[in-house]
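First comes the structure, then the notes that go with it.
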2 protein chains.
Amino acid sequence: MVNVGKRSGRPRAGEERLSRDAILTAALGIVDDEGIDALTMRRLAATLKVNPMSLYHHLPNKAAVLAGLAELVFAGLELPDPGDSVPWDEQLKQAARAYRDGLRQHPKLALQVLSDTSAVSDVVVVTMEPFYRALDRAGLGPRQIFEAANTLIDFIHGFSLGEASVRAETFELAPDLLTRVRALPAHKAPTLTRIVNDLGADGLAYDFDSGFESGLSTLTTGIAATARRR
Amino acid sequence: MVNVGKRSGRPRAGEERLSRDAILTAALGIVDDEGIDALTMRRLAATLKVNPMSLYHHLPNKAAVLAGLAELVFAGLELPDPGDSVPWDEQLKQAARAYRDGLRQHPKLALQVLSDTSAVSDVVVVTMEPFYRALDRAGLGPRQIFEAANTLIDFIHGFSLGEASVRAETFELAPDLLTRVRALPAHKAPTLTRIVNDLGADGLAYDFDSGFESGLSTLTTGIAATARRR
DNA sequence: TCCTTATCCATACGTTGTATGATTATGTAC
DNA sequence: GTACATAATCATACAACGTATGGATAAGGA
């Protein structure tokens with residue numbers, strides 16, 4: 001792991017130089033490919049064919065690298081705004097889907113992204129405009145708009161967290177769940193037991209897409225009711 | 001850091017012995033007090049007045065310690081079931097509040113807990129009974145019950161994640177937000193700008209409790225509408 | 001031309017998780 | 001009892017990590 005053939009000292013004018021962006025891009029590549037644990041300063045430096053300590057000229061420490069990654073993901077987030085040509089609830093749903101898609105692009109980073117508050121709040125405010133606009137069109141007051149937007153975002157965050165923790169696109173809840181439920185003394189969870197039986201063996205193939213849509217519908221319906229009450 | 005006065009070898013019959021539970025309890029204490037980064041195997045061993053390598057007799061590695069902590073938090077989760085004496089939506093809300101409270105008890109662990117899928121799915125199924133019961137009483141079909149429960153849980157997870165990432169009980173969105181919004185070219189986020197102005201300087205003191213309640217109301221309203229459509 | 005500053009490299013230190021193996025006691029089989 | 005597999009602990013050691021320190025080299029303004 002010796003950087004053979006590397007001259008020490010500041011690079012000459014024409015030569016390639018390191019940059020914060022280059023570092024973060026390389027880091028994102030490593031994380032996407034091999035997961036967040038594979039991201040070490042030494043590994044990152046090796047990928048960039050650079051001495052580990054060179055990184056510290058562009059970023060103060062590893063935490064800053066991780067924060068930068070979160071920032072990168074959010075910066076790449078663009079919510080389409082179909083404008084007023086569609087009903088407000090459809091507008092809201094489209095924005096929500098785009099937000100989820102953005103988070104899904106780097107599943108191994110989801111946890112880091114969602115827990116980095118500063119990255120979130122810095123970019124999010126502007127990015128969220130389509131949310132606010134749709135909720136405004138729905139007829140909500142300013143405070144209600146913020147509350148509804150937060151609720152929706154919280155849902156998407158929680159959903160994405162769950163989604164990111166599972167590899168497959170769809171996963172069968174049924175077989176796993178059935179065995180577990182059957183193993184219970186039925187009186188500990190009577191409703192659950194009954195529901196599972198009602199479903200039969202076939203019923204419960206859960207897939208994330210329809211789960212997300214179901215949540216969106218519930219939320220928009222609830223928001224519509226709030227608007228009507230005004 | 002030498003365990004002076006400690007005999008080597010297996011402890012005598014009467015003597016205190018290490019156990020998985022004792023280790024996890026000590027670990028939880030460290031995390032609650034000083035955060036998850038303070039939890040190292042050596043620190044944990046020191047707290048228990050034990051050699052670091054002794055831990056590995058009861059847990060295979062550090063990841064298992066963290067997973068055990070997540071398990072512990074979920075195991076301590078008990079959702080009250082007021083039964084059918086209250087309307088179903090109130091029953092649902094109470095269970096949801098209890099779930100949030102449970103996650104709030106160890107804020108520095110929230111991230112670990114929420115991202116540990118296995119711990120979640122193992123215990124959650126039974127714990128969730130009050131959710132299922134309330135949704136059943138609302139008149140939903142089996143599949144809808146699962147979808148609604150998942151949506152609600154996703155919301156709580158996302159909310160708790162945000163809540164755990166912030167120290168204070170309440171935090172002022174207003175001043176921070178105002179400056180940031182004002183710094184924008186207003187046309188980039190016109191609705192946001194207008195809304196913030198409508199709110200005035202006073203309006204937007206966001207606190208988590210009312211944010212959570214607002215989300216709960218939106219969700220139960222949406223669920224009620226789904227039930228009515230059947 | 002000189003000097004400050006930017007950029008990169010080499011070395012080194014303390015900390016981490018844990019592999020390996022020695023040490024001592026327990027509990028069972030005979 | 002005596003032998004022995006097993007359990008529980010400790011001691012030592014190692015590779016990998018983040019990063020502090022300081023030296024090398026070149027850039028760019030004075």
Problem - Contacts of T25(B) that satisfy side chain to side chain contact (heavy atoms under 4.5 Å, CB included) - sequence neighbours left out - result: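 Partners of T25(B) under the side chain to side chain contact (heavy atoms under 4.5 Å, CB included) test: none.
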Practice task
Enumerate the residues from residues 24-33 of chain B whose closest heavy atom to DNA chain C is under 4.0 Å, giving them by residue number; use none for an empty result.
Solution key: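 By residue number: none to list.
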Integer-rounded Å distance: [N] [atom2] and [X] [atom1]:
{"X": "N51(A)", "N": "dT19(D)", "atom1": "CG", "atom2": "C1'", "value": "12 Å"}
{"X": "D37(A)", "N": "dA16(D)", "atom1": "CG", "atom2": "P", "value": "16 Å"}
{"X": "R17(A)", "N": "dT5(C)", "atom1": "CZ", "atom2": "P", "value": "17 Å"}
{"X": "H57(A)", "N": "dT21(D)", "atom1": "NE2", "atom2": "C1'", "value": "12 Å"}
{"X": "L59(B)", "N": "dT9(D)", "atom1": "CG", "atom2": "C1'", "value": "15 Å"}
{"X": "I23(A)", "N": "dT7(C)", "atom1": "CD1", "atom2": "P", "value": "11 Å"}
{"X": "L48(B)", "N": "dT9(D)", "atom1": "CG", "atom2": "C1'", "value": "13 Å"}

Exercise for the section: Answer yes or no: is there a donor N or O on one side and an acceptor on the other, between the side chain of Q91(A) and the main chain of P130(A), under 3.5 Å? Expected result: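 Side chain of Q91(A) to backbone of P130(A): no pair is present.
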Practice task
Would you check if the side chain of Q112(B) reaches a backbone N or O of A70(B) as a donor-acceptor pair within less than 3.5 Å?
Solution key: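 Here the side-chain-to-backbone pair does not exist.
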Exercise for the section: Examine dT7(C): is either OP1 or OP2 under 4.0 Å from a nitrogen or oxygen in the side chain of S54(A)? Give yes or no. Expected result: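 No, outside the criterion.
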Exercise for the section: Report yes if at least one side-chain N or O of H58(B) is closer than 4.0 Å to OP1 or OP2 of dT9(D); otherwise report no. Expected result: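 So the side chain of H58(B) is within the cut-off, an N or O lying under 4.0 Å from OP1 or OP2 of dT9(D).
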Problem - Residue pairs passing the salt bridge (charged side-chain N to carboxylate O under 4.0 Å, His left out) test where at least one lies in residues 147-159 of chain B, sequence neighbours excluded - result: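 As it turns out, the salt bridge (charged side-chain N to carboxylate O under 4.0 Å, His left out) pairs with a partner in residues 147-159 of chain B, which skip direct neighbours, are R143(B)-E147(B).
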Exercise for the section: Name all residues meeting the salt bridge (charged side-chain N to carboxylate O under 4.0 Å, His left out) criterion together with E34(A); count only those two or more places apart in sequence or in a different chain, and write none if there are none. Expected result: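 Applying salt bridge (charged side-chain N to carboxylate O under 4.0 Å, His left out) to E34(A) gives R43(A).
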Exercise for the section: Could you check D209(B) against R100(B) for salt bridge (charged side-chain N to carboxylate O under 4.0 Å, His left out), going step by step and ending with a plain yes or no? Expected result: CA-CA 10 Å; D209(B) 285 346; R100(B) 173 194 171 212; 2.9 Å; yes
Problem - Candidates T47(B), L28(B), L48(B) - the one meeting side-chain contact (heavy atoms from CB on, under 4.5 Å) with I23(B) - result: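 Answer to the side-chain contact (heavy atoms from CB on, under 4.5 Å) test with I23(B) among T47(B), L28(B), L48(B): L48(B).
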Handout entry: With sequence neighbours excluded, residues passing ring-ring contact (aromatic ring centres under 6.0 Å, His included) with F212(B)
Key =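 Only F155(B), F159(B) meet the ring-ring contact (aromatic ring centres under 6.0 Å, His included) criterion with F212(B).
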For nucleotides 17-20 of chain C, give me every protein contact, N/O to N/O, under 3.5 Å, one pair per line with atom names.
from, atom 1, to, atom 2, distance (Å)
dG17(C), OP1, K62(B), NZ, 2.7
dG17(C), OP2, M41(B), N, 2.9
dG17(C), N7, R42(B), NH1, 2.5
dG17(C), O6, R42(B), NH1, 3.4
dG17(C), O6, R42(B), NH2, 3.1
dT18(C), OP2, Y56(B), OH, 2.9
dT18(C), OP2, K62(B), N, 2.9

Handout entry: Any side-chain donor near an acceptor of the partner, D207(B) and S210(B), under 3.5 Å
Key =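 Indeed, the side chains of D207(B) and S210(B) share at least one donor-acceptor pair under 3.5 Å.
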